[in-house]
Amino acid sequence: MPDRYAVIGNPVAHSKSPQIHAEFARQTGQDLVYERLLAPADAFIATANAYHAGGGRGLNVTLPFKGEAYGYAGRLSESAHAAQAVNTLKFEGDAIVGDNTDGAGLVRDLVRNLGCAVAGARVLLLGAGGAARGVIRPLLEQQPTQLVIANRTLAKAQLLAQSFSGGLEADTYAALAGRQFDLVVNATSASLAGELPPLPPGVFARGALAYDMMYGMGETPFLAFARAEGAATCADGLGMLVEQAAESFFIWRGVRPDTAPVLKLLRHATA
Ligand code: NDP
């Protein structure tokens with residue numbers, strides 16, 4: 001019997017994780033199946049427990065359950081602890097171990113796939129929700145010279161900045177006028193609604209990279225704005241998706257898949 005894994009969420013039909021993990025398994029010769037698991041909105045724990053009891057070895061957790069999975073895990077990695085959210089569960093006998101690979105996935109996409117030097121860079125992070133929180137620690141580990149969090153609701157950005165040591169700054173969008181950044185990461189959900197975070201003009205430094213965590217929607221208003229403002233590189237979040245999946249695969253199987261061909265395959269499929 002192959003080992004069983006799944007992505008749990010609601011909705012979950014759109015998830016690309018089964019395709020990504022099937023490719024990883026084929027490439028590395030791992031004997032596993034990877035399924036979709038739709039949990040009712042009020043039954044994440046019951047659904048995860050049933051999967052565990054049925055012999056499941058691990059779960060990826062997607063919206064809206066990452067916070068609940070954080071409470072569900074009996075043991076947490078440092079990344080999960082910092083993110084206060086879990087996107088990867090590993091069942092080890094009776095133990096439930098929670099991890100968060102989103103931030104590592106972003107940094108790997110930035111540094112390895114896009115050739116972006118986060119070390120020494122002036123970094124602007126847009127948004128103060130779960131996605132933003134999850135990437136702060138891995139970004140700080142790269143030692144940027146600045147990490148500024150901008151959010152529509154300033155109080156949320158301030159709370160987030162205070163919960164990390166390392167000189168994080170919180171600002172409104174208006175306060176960014178006249179400042180420049182080498183890397184701007186959109187971790188808001190504005191792109192989902194076809195909206196642009198209210199960035200002032202001129203925030204992209206020469207050679208800047210603009211990164212939208214959103215993927216699969218073509219050029220988002222943020223990426224269109226970045227291109228018009230002269231950002232040197234504009235990237236969506238598909239690479240982050242594949243890289244966070246690879247980190248999960250490594251946690252479960254101890255084998256690191258080659259992400260490049262899988263990313264190429266997905267790009268081709270969504271083109
Ligand atoms: P949350 O709902 O937790 O947070 C949403 C954030 O977006 C808040 O900071 C909110 O500001 C801000 N926001 C929403 N609309 C606008 C707008 N029109 N203008 C400016 N700011 C706005 O969402 P998450 O943090 O969970 O997710 C954010 C995005 O990241 C999603 O689109 C998700 O798809 C993506 N994501 C991608 C991943 C990948 O692998 N590529 C992984 C994880 C997430 P305020 O506080 O003022 O309301």
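Heads up: numbering here begins at 1 and tracks the sequence. Note: hydrogens, waters and symmetry copies are ignored here, and every other heavy atom, side chains too, is used. Remember, it's 1-based here, ligands and their atoms both numbered in the order they're listed.
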Taking [atom] as the reference point, the nearest protein heavy atom with its distance:
atom                    : result
atom 45 (P) of ligand 1 : T153 OG1, 3.5 Å
atom 17 (C) of ligand 1 : R152 NH1, 3.3 Å
atom 29 (C) of ligand 1 : T188 O, 3.4 Å
atom 42 (C) of ligand 1 : M240 CE, 3.8 Å

Does any pair with a residue in residues 86-111 pass ring pair (Phe, Tyr, Trp, His ring centres under 6.0 Å), and if so which ones, sequence neighbours excluded?
H52-F91

Verify the distance criterion only: is there a donor paired with an acceptor across the side chains of [X] and [Y] at less than 3.5 Å?
X    : Y    : result
R253 : Q30  : yes
S79  : N100 : no
T220 : D212 : yes

One residue to check: A187. Relative to ligand 1, which of side chain, backbone, both or neither has a non-hydrogen atom less than 4.0 Å away?
backbone

Where does N151 meet ligand 1, judged by heavy-atom distances below 4.0 Å: at the side chain, the backbone, both, or neither?
side chain

Residues R57 and E92 bridged, charged N to O under 4.0 Å
no

Pairing of E243 and R112 as salt bridge, 4.0 angstrom limit
no

Would F44 and Y72 count as a close aromatic pair, with their ring centres under 6.0 Å?
yes

Y34 and Y5 aromatic centres sub-6.0 Å:
no

Any N or O on [X] sitting closer than 3.5 Å to an N or O of ligand 1?
X    : value
A128 : yes
M213 : yes
L196 : no
Q244 : no
K156 : yes
K66  : no

Atoms in ligand 1 with a heavy atom of [X] nearer than 4.0 Å:
X    : result
M214 : 32 (O), 34 (O)
G127 : 9 (O)
G129 : 3 (O), 4 (O), 9 (O), 25 (O)
G130 : 3 (O), 25 (O)
A131 : 24 (P), 25 (O), 26 (O), 27 (O), 28 (C), 30 (O), 44 (C)

Yes or no, since that's all I need: does a protein heavy atom fall within a distance strictly under 4.0 Å of atom 33 (C) of ligand 1?
no

To check you understand the geometry: which heavy-atom pair defines the closest contact between G239 and D109, and what is its length?
CA-OD2, 3.3 Å

For atom 18 (N) of ligand 1, tell me which residue out of K16, E195, R133 has the closest non-hydrogen atom.
E195

Nearest heavy atom to atom 7 (O) of ligand 1, choosing from P64, G237, S189, belongs to S189

Between D99 and S77, is the side-chain hydrogen bond (donor to acceptor under 3.5 Å, both in side chains) condition met? List the steps.
CA-CA 5 Å; D99 212 319; S77 70; 2.7 Å; yes

Donor-acceptor contacts, no H, no angles, side chain residues 170-177, under 3.5 Å, sequence neighbours left out:
from : atom 1 : to   : atom 2 : distance (Å)
D171 : OD2    : R179 : NH1    : 3.3
T172 : OG1    : A175 : N      : 3.1

Taking everything shown except Q143 itself, do over 12 heavy atoms lie less than 6.0 Å from its CD?
no

